[in-house]
Asks: 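Have a look at this one.
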Amino acid sequence: MARTERRWVRVGGRELAVTNLEKPMWPADGLTKGDLISHYVSVAPYLLPYLRGRPVVLTRYPHGVGGKWFYQKDAPQGLPDWIPTWADRAEDGRVIRYLRIEEPAALAYVANLGAIELHPWLSSCDSPDHPDWAVIDLDPAEGATFADVLVVARLVRQILGEVQVQGFPKLSGATGVHIFCPAAPGTTYAETAAFCEQVGRILLRAYPEKVTLERAVARRGPKVYVDYLQNRRGQTITSVYGLRPLPGAPVSAPVTWEELEGEPPRITMRTLPARLAAVGDLFAPMLQATQDLQAATERLRRYLTGV
DNA sequence: GCGTAAT
DNA sequence: ATTACGCAACGCTCA
DNA sequence: TGAGCG
Ligand SMILES: [Mn+2]
Ligand SMILES: [Mn+2]
């Protein structure tokens, strides 16, 4: 084996070592570890607002897409002292020191570790039991298509409009769609989950042929699973503007509701820069928005029962 | 990919 | 000096 | 009481 090729780079005024920049990460696409690092550094201004202050879980692919991979929650040994962590202690006393990614250089650092996917919590370290948004997670089960997901997403748009809730959709980058609904400060996970479950129940009634809330995979059928249980402490959603370890290096990117009415663009590492230049950060309004999801859940309940 | 433990 | 290993997990649901 | 689930 050739020796590790190491280079020092300066990112946002921070000096750090990067290794093996020529290593193929998406071999079929000719994309390297250097490309991976470049992606995260160049999207940092768009991405960091959704990462800052949150515990982050990595999925690491040190041998590239197709190689053996692993999740990483606990901060790796040898983490630079300028990357902060947040210690979460479980009931049984076990402690996980989650990474916090606060600056471009920290993105470069984790990318160099082979972290293709970044998975932030829905809540922040400061208020870990209070999610900032509810996420309506649409996962096509085996046999369901992306077209099915689109139909369900359009129904979500209608339902949210009906109860006057603002939702911000993004493509997962794989086969699903994630719809973020900002929550008022102090909202609990039980409340965001209840909100999403209620949306799910209305979807189920509207389109039972293609919607399921069934937790057991075997009982889902070829439908779109509304994964409302993702709204829970310690659960994560793959980050906005994050890469996926899939052919073409897709990015989980926001789209407009209007784009979901048709066939939305596929957004990849290669196409994201032009996309950002054209539409900017479609999620930006989400950081200001706040809405009473408890009241909205009650409106949904009445909507469902027809009162 | 890399720090650490085992050989 | 080289090689092997670990790197998440949690509470809820239904059988 | 345990397996399955993201
Ligand atoms: Mn999903
Ligand atoms: Mn899911």
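Protein chains get the first letters and strands the later ones, always in sequence-line order, with residue 1 at the start of each. Treat the numbers as computed from the prediction; the structure is a model and nothing was measured.
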Asks: On the nucleotide B:dG1, are OP1 or OP2 found under 4.0 Å from the side-chain N or O atoms that A:K33 carries?
Replies: yes

Asks: Would you indicate, yes or no, if B:dC2 has its OP1 or OP2 atom less than 4.0 angstrom from a side-chain nitrogen or oxygen of A:T19?
Replies: yes

Asks: Parallel, tilted or perpendicular: which one describes the rings of A:Y50 and A:F283, with boundaries at 30° and 60°?
Replies: perpendicular

Asks: So does A:R60 reach the base of C:dC7 with its side chain, donor to acceptor, closer than 3.5 Å?
Replies: no

Asks: Between C:dA9 and D:dG4, how far is it from one C1' atom to the other, in whole Å?
Replies: 13 Å

Asks: So, OP1 or OP2 of B:dC2: does either fall under 4.0 Å of a side-chain N or O from A:N112?
Replies: yes

Asks: Can you measure A:Y228 atom OH to C:dG11 atom C1' for me and round it to whole angstrom units?
Replies: 13 Å

Asks: Could you work out the separation of C:dA8 and D:dC5 based on their P atoms and round it to a whole Å?
Replies: 22 Å

Asks: Are any side-chain N or O atoms of A:R154 and backbone N or O atoms of A:E261, one a donor and one an acceptor, separated by less than 3.5 Å?
Replies: yes

Asks: Regarding A:V217, tell me which of base, sugar-phosphate or nothing describes its non-hydrogen contacts under 4.0 Å with the strands shown.
Replies: sugar-phosphate

Asks: Return the 5'-most residue of the pair A:R219, A:Q235 with respect to DNA chain C, ranking by each residue's nearest nucleotide.
Replies: A:Q235

Asks: Could you state the CH2-P distance from A:W69 to C:dC7, rounded to the nearest angstrom?
Replies: 14 Å

Asks: Respond yes when some side-chain nitrogen or oxygen of A:K23 is under 4.0 Å from OP1 or OP2 of B:dG1, and no when none is.
Replies: yes

Asks: Salt bridge check: are A:E117 and A:R244 linked by an N-O gap of less than 4.0 Å?
Replies: yes

Asks: Tell me the interatomic distance from A:D92, atom CG, to C:dA8, atom C1', rounded to whole angstroms.
Replies: 14 Å

